2 protein chains.
Amino acid sequence: MSGNSGRLGDSTGRIGIGLDLDATHMKILEVLRENGRISVAALAERVGISRANAYTRFEALRADGAIKRFTAEIDHLRAGLGITALVFVTVRQQMWKQFRAELARMPEVEYCAITTGQHDAMIQVRVSDVAEVHRLVTERMANIPAVKATETVFILDEVLRRPYVLPTDRDAGRTSRRAAPEPADVPLGKMRFVGAAEGRAALRKDG
Amino acid sequence: MSGNSGRLGDSTGRIGIGLDLDATHMKILEVLRENGRISVAALAERVGISRANAYTRFEALRADGAIKRFTAEIDHLRAGLGITALVFVTVRQQMWKQFRAELARMPEVEYCAITTGQHDAMIQVRVSDVAEVHRLVTERMANIPAVKATETVFILDEVLRRPYVLPTDRDAGRTSRRAAPEPADVPLGKMRFVGAAEGRAALRKDG
DNA sequence: GTTGAAATTAGTACGAA
DNA sequence: TTCGTACTAATTTCAAC
């Protein structure tokens, strides 16, 4: 496995640790993901370092790629895209390259991830009405040879979206859970993990 | 259905069109989602309006909620969270409130959406290693009474993440697809839509 | 909705701790 | 490395058009 995440924008195969992030770096990231437009001066104050230091670290994080980009979160409903759907795609093996190329030409696609399990990829699309989902899936996706099958579900509500999870969050969130109950005192049967092999095998039955 | 999206941060039930966005507003959003830290002066220039106008519109978009927030996209791998997984959750009916409350206490959760289909919700989690996924699902999620069952898949690669889709993207992306082939000249059998009712019914069998 | 000038703030450079 | 200060450039605000 080439490792997931972290290689979205940059097509450089580089994975190695460019700079190791200390607690101050993390604090900076924490502030920046909440308010991407904060001035470096205000950032320095909130983190508790000097302005010059903040500039240095800010640039370092950017240059290293730890900060990939700054973006505005748009309200899709107000922007005219009130319908969100997930399309789970089964991709014909060795046609991944074509699949990715086609994805790039579909502006409705906001996110695409390769997954283990029954399907090969999950894509999230935003459109203005439900009919468009149908058109997108049956007309455009169906015409991609790389796409063997799809399964579509609609998103009824987005309960939460965090501006990007950081390892430091864990300590904060676990406070009220310190004296955790004995693990696995609950029937494990209801929890299911779906690995890649299992999914692929199940797939070949109706291939 | 209360309509999806657009109501993440704001708990005000307001849905109505605060201001209707014209082409200039859209251009502004287009620029800001690519570069959330651009100065308003530079933004004005790129959009082709005066600075004062840009300030006015910028503030209006912010106040209206069309821009929800500005954030930095972090490289999870560099931040120490190299593992991403999707957990599909079946929620016991009328325990949604509890489910949401528990989610809020799990910092590993980056995203949660209520979906139609076989499961009720999909959550995306980021952790540092695969063992943590196991712990999270079998120990912490299993202990939530609202959680009836889960199914977990791993994300092997994130192919694309757009900084937020806008309706204007459609026109740009469709250029090379203008002379589209006749619709639905492909076997429809391989495309499957999963509605809520179907999913819920299938669920009751093993409830 | 635009332009231009004043006030404020941001970004840079450099020496000292 | 980090900090503090001084300097320069840019941005934001506010005015009149």
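Note on naming: letters A, B, ... go to the chains in the order of the sequence lines (proteins, then strands), and numbering restarts at 1 for each one. Not measured: the values here are computed from a predicted model.
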Enumerate the protein-to-nucleotides 15-17 of chain C contacts in which both atoms are nitrogen or oxygen and the separation is below 3.5 Å.
none

Protein-to-nucleotide contact annotation, 5' to 3' order, nucleotides 6-13 of chain D [B base; S sugar-phosphate only; - none; under 4.0 Å, heavy atom]: B----SBB
Pairs flagged by salt bridge (Lys or Arg N to Asp or Glu O under 4.0 Å) wherever residues 36-48 of chain B is involved - sequence neighbours left out: B/Glu34-B/Arg46
B/Arg69 and A/Glu73 ion-paired at < 4.0 Å: yes
Pair A/Arg162 + B/Glu110: basic N to acidic O under 4.0 Å: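 Answer for the salt bridge query: no.
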B/Leu61: which of B/Leu32, B/Ile28, B/Thr56 passes side chain to side chain contact (heavy atoms under 4.5 Å, CB included): B/Ile28
Given B/Arg140, B/Arg126, B/Arg135, the one that forms salt bridge (charged side-chain N to carboxylate O under 4.0 Å, His left out) with B/Glu108: B/Arg140
[N] [atom2] sits how many Å from [X] [atom1], rounded?
| X | N | atom1 | atom2 | result |
| --- | --- | --- | --- | --- |
| A/Leu43 | C/dA10 | CG | P | 11 Å |
| A/Arg57 | D/dT1 | CZ | P | 10 Å |
| A/Phe58 | C/dG11 | CZ | C1' | 12 Å |
| B/Glu45 | C/dT3 | CD | P | 12 Å |

Trace of the side chain to side chain contact (heavy atoms under 4.5 Å, CB included) decision for A/Phe99 with A/Asp120: CA-CA 11 Å; A/Phe99 176 67; A/Asp120 299 313; over 6 Å; no
Results of side-chain hydrogen bond (donor to acceptor under 3.5 Å, both in side chains) for B/Arg33 - residues two or more places apart only: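 Residues passing side-chain hydrogen bond (donor to acceptor under 3.5 Å, both in side chains) with B/Arg33: B/Asp169.
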Aromatic contact, A/Tyr111 with B/Tyr111 (centres under 6.0 Å):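 No, they do not, as the ring centres are separated by 6.0 Å or more.
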End axis versus end axis in the helix from C/dG1-D/dC17 to C/dA17-D/dT1, the angle rounded to 10°, five pairs used at each terminus: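 Nearest ten degrees gives 30° for this helix.
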Pair listing, side-chain hydrogen bond (donor to acceptor under 3.5 Å, both in side chains) test, anchored in residues 21-31 of chain B, at least two apart: B/Asp22-B/His25, B/Asp22-B/Arg57, B/His25-B/Arg57, B/Glu30-B/Thr168
Under 3.5 Å donor-acceptor, A/Thr116 side chain and A/Val194 backbone: yes
